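Shown next, in C-alpha cells, is the structure this report addresses.
Residue numbers start from 1 in every chain, and the chains themselves are labelled A, B, ... in the order their sequence lines are given, proteins ahead of strands. Quick caveat, the model's predicted, so the values are computed rather than measured.
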Amino acid sequence: MSAPNQPPSETIQSKGSGSRAGWYAAVAVVVIVIIVFAALYAAGYIGQKTTSTKQSTVPACTSFTITAAGSTFVEQLMAEWALKYTVNPVDYDPVGSGAGISSITAKTIAYGASDAPLNTTQAAGAPGLLTMPETAGAVAVIFNLPGVSFHLGDSLNLTGQVLAGIYNGTISWWNNTAITSLNPGVSLPLVQISVWHRSDGSGTSYAYSQFLSDSSSTWKSTIGYGTLPAWPKTPVGGGAKGSSGIAGTVKSTPDSLGYVDLGYAFDNQITYAAIENPSGKNIVPTANNTASALADILATTTLPAGAASWAAVSMINAPGAGDYPIATFSYMLYYQAADSNTVVANAADASALVNFINWTVTTGQSYAGQFLYIPLPPAVVAADQATIASMTFDGKAIAPCS
Amino acid sequence: MLRRSRNSGQTFSSRLRRIFDLTFLSVTLVVALGLLALLTAFVLVLINAAHLTLARYGISLLGNPRWAPSSNHFGLLPFVDGTLITAAIALLIAVPLSLGIAIFLSELAPRWISEPLGYLVELLAAVPSVIFGLWGIFVLVPFMRTSIDPALASANASVDSTLHVSIPLFTGPIEGSGVFTAGVILAIMIIPTISAISREALRAVPQPQREGALGLGATHWESTRISVLSYARIGIIAAIILGLGRAVGETMAVTMVIGNSDFIPTSLFSQGQTIASLIANEFLSTYASPLAASAFLEAALVLLLITLAINIGARLLVWRLVKSTGGGGIE
C-alpha cells in the first residue's frame, strides 16, 4: 500500500478489527486443537485400540476391511475373491510375494500372500505367523517368437537344463543346438534370446529358480533359488516388475522369453512352452496336468502344520509321467494370535478375518479353476481348516460371525 | 489515542490480536523448522539404517560392480552408473530443445502463438510420470526398436568403419527398452520443466535490453544471444538444475522402460537400472541378510546425497554468477 491510501485503509482496519481478531482467534483455536489432538494421539490417549473393549464373543460381522498384499501369481484369484465375498470388503494389493512377507511381518495388513514359504530368517522375524496353502498353480515359460510356427498341439520344447543355460547366459541364441535338438522340424531364428526375469521379490521366481536348481547342478551351486535370486547377466534382457510386467514385456518384445503363472499367460494369449518332466515327456501346462502334479506330490509328502516351516514343501518335478514339472502352492500368511497383529483391532475384526479365510478354502475354491489355478484337494482343505481353527484372540478361540 | 477514547474495549482487543499474531508466528516457525528437522531426520534415518554396510564397506560399495544381495554382493556401481548416464542423455537432448522452445516462445513467436503454446508447455510439466511410463512402454519402446535404434546403430557402425575405431555407444542387440530409451523418456519429461522456467526467465529480461542491442545494430539473433540469454542465464541454469533433479529422481517411467538389469550397461542399448528404479523394484523385498537391507538403504542414501549435491552445486554456481556479474548479468 502506498502512502496516500493510508488513512482510508486505517478506517477499514479499525472498522473490521473486531471481525479480524475473531478470525485470528478461530485460526489459532483450530491450530491449537489440532496440535493438542495430535499430541494426545501420539501419547496414546485417543484413537488407539483400548484393551478393555476386547471381547471374544461377537456374533455380528463388522465392516472391517480385510487388507492384504503379496503375490502377483494369485492376483487374479484374489481379485475374484474380493469381488465375490460380500460380507466384508477385501482389499488385495498385488505387490509381489517378497513384499507380502515383509508387510505381514511389519503387521500392516491382515494377511499376506506368498508363493514362497518363509525361510528360517523370515520365520524368525515373524513369530506366530501361520502358513496355509490357499491354492496352487503352474508357472508357464512364455515366449514370443514371431514367424515361428509349431505343429498343432505342439509348442516349443524346453528342458530345465536348457532353461538354466538360457538364464545364466551360456545359451544365448535361439538357434543354439541345445534348443534346436529338442525341437526337430522347427526353424528357430538366428537371433539372441531376450531373457526376462522378475525384478521384484517374487514367489513365481522362487518356484521357477527352484526348478532351475533342481534341473541343473551348475545353477544350484552358483545361483540357487529364492524370491530374488542373483540373476546372472544375459546378453539381452533384464527384469520387469510383477507378473503383469513380465507378461507385458514378453508380449511386446520379439524373441523374448520369461515366466508367469499359467492363468496370466492364458488370459493374455501369450504362447508358452512345453517343459520336459522327470519322465522325459514334454508337457504343455494345463489345469489338469498341474492338478495331477499336485496329487502326486501330496501322495508322497506329509504337509506340515500351519505353525511349522513349509520351506521343504515343493511341487517342482512331480513324479507322475503326465505331470507338469513347474508348479507351486500359494500361501496365505496370518498370525495365530490375531490380536498380535495391530491391524486386527478387536475380536469382531478377528471373526471377520476368520470367516473370510474359511470362505476362501471352501466356497472360494470354486473360483480357482477359471483362472487355471488348482482347487485344493479335500485333504488340504481339512488341514487348512485345522490351521484356521488354531487362531486365537486374547488367548480364546475366535467365534465365527455372521 | 482517538480510538481508545472512542472505544475502551480496543485495548484489550489489540492486545488479544498481538497474542494471536505471536501464536501464529510461533506456529509457522515450528512448521518451518519442522521442515529442516525432516530433512535432517531423512539423512539420519538412512545413515542409521545403512550403518551395517557403511561400517563394513563404507563408500567402497560405489565402486563395486556386482549387485546380488542373495549372494552377498552389494555393489552400487551399476545403479550410480545408470543414474548418471540416463540423466546425462536426458540433459543432452532436453537442454538444446528446451532453450529453443523458450527462445521461440518469448522472443520470436507472435503473442497469439506464444500464449496458448506456453500454457500447453506448462500443462505438459504437470503430467504424472506414470503416464509417461505407460506411453513409453506402448509407444516409445516399439518405436525406438524399429526406427531410432537401428538408425543409430548403423550410424555408429559407419563412423566406426571410417575412423577405424569402435565406439561402444549404439552397439549390441537392439531391444527397444534400455538405458538410451530411459534417457529419451527422461528428456521428454524434463523438456516442459526446463522450457517453462527458462521462458519465464527470458520474459523477465527488461525490454530496453533488447532495444539497446537492436539499436546498436545487432541482428535479432545477436540481440537474443548477447543481451537476453546472458541476462537470463541464472534463471536458465536454475531451470536446467530443476530438470536434472527430476531426471535423477524419476522412478516410475524409468522402471517401465530401462529393462531393470542389475549390471553395468555395456552400450547405450543395454538394459540397466538407476538407483531410483532399483528402489522401486526392490523396496519391499525381503532380503536374506540384514546386511543386504542395509546395502539397499545405502543406495537410497546415495541417491539423496546426489540430489543434495546437485542442488548445492547449483546454488554455488548461481551465487558465483551473481557475484561476478553484479546480479544483472550484463557483460
Side-chain angles (χ1 to χ4, degrees), chain A residues 14 17-18 20-21 23-25 27-28 31-32 35 69 95-103 105-106 114 116 118-119 121-122 125 191-192 194 196-202 222-241 245 248-249 252-256, chain B residues 2-3 6-7 9-10 13-14 16-17 19-24 27-28 30-31 66-73 137-138 141-142 145 172-178 255-256 258-264 266 269-273 277-278 280-290 292-293:
Chain A
S14 60
S17 67
R20 196 174 298 182
W23 171 242
Y24 285 148
V27 170
V31 168
I32 289 166
I35 290 173
V95 286
S97 295
I101 294 174
S102 35
S103 298
T105 304
S114 169
L118 269 69
N119 63 30
T121 327
Q122 289 165 338
V191 288
Q192 282 185 299
S194 174
W196 293 86
H197 60 77
R198 283 281 292 275
S199 61
D200 51 340
S202 150
T222 54
I223 313 291
Y225 63 90
T227 50
L228 195 63
W231 297 106
K233 186 172 174 59
T234 55
V236 195
K241 198 167 159 56
T249 306
S252 65
T253 311
D255 314 313
S256 59
Chain B
L2 195 68
R3 256 195 274 163
R6 226 175 17 203
N7 184 357
Q10 282 290 359
S13 167
S14 65
L16 202 64
R17 270 177 55 197
I19 293 172
F20 286 140
D21 276 353
L22 220 67
T23 317
F24 192 66
V27 167
T28 46
V30 165
V31 175
R66 179 89 173 100
W67 172 261
S70 54
S71 52
N72 284 335
H73 295 288
I137 285 186
F138 293 118
V141 168
R145 180 171 57 233
I174 290 167
E175 191 74 345
S177 59
T255 309
M256 292 163 95
I258 200 170
N260 305 307
S261 160
D262 300 336
F263 296 92
I264 297 174
T266 45
F269 289 158
S270 311
Q271 287 70 41
Q273 182 99 276
S277 74
L278 171 80
N281 276 308
E282 301 191 3
F283 75 105
L284 269 177
S285 300
T286 42
Y287 293 117
S289 68

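Of the two parts of A:Ser194, the backbone and the side chain both hold a non-hydrogen atom closer than 4.5 Å to a non-hydrogen atom of chain B. The contact between B:Ser177 and chain A is made entirely by side chain atoms (from C-beta outward), counting heavy-atom distances below 4.5 Å. Interface residue B:Ile264: only backbone heavy atoms are found under 4.5 Å from chain A. Heavy-atom distances place the backbone of A:Trp231, and not its side chain, under 4.5 Å from chain B.
Atom NZ of A:Lys233 is separated from atom CZ of B:Arg66 by 10.5 Å, given to the nearest 0.5 angstrom. In this structure, A:Leu228 CG and B:Asp262 CG are separated by 8.0 Å, a value rounded to the nearest 0.5 Å. Between the CG atom in B:Asn260 and the CZ atom in A:Arg198 there is a gap of 11.5 Å [rounded to 0.5 Å].
When all heavy atoms are compared, the tightest approach of A:Asp200 to B:Asn281 is CB-O, 3.2 Å. The minimum heavy-atom distance between B:Ser261 and A:Gly237, with the atom names listed, is CB-O, 4.1 Å. Scanning all heavy atoms of the two residues, the minimum distance from B:Pro173 to A:Pro235 falls at CG-O, 4.4 Å.
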>> Quick one, A:Thr253 with B:Glu175, criterion side-chain contact (heavy atoms from CB on, under 4.5 Å). Give me CA distance, side-chain angles, the key distance, then yes/no.
In response: CA-CA 7 Å; A:Thr253 311; B:Glu175 191 74 345; 3.4 Å; yes
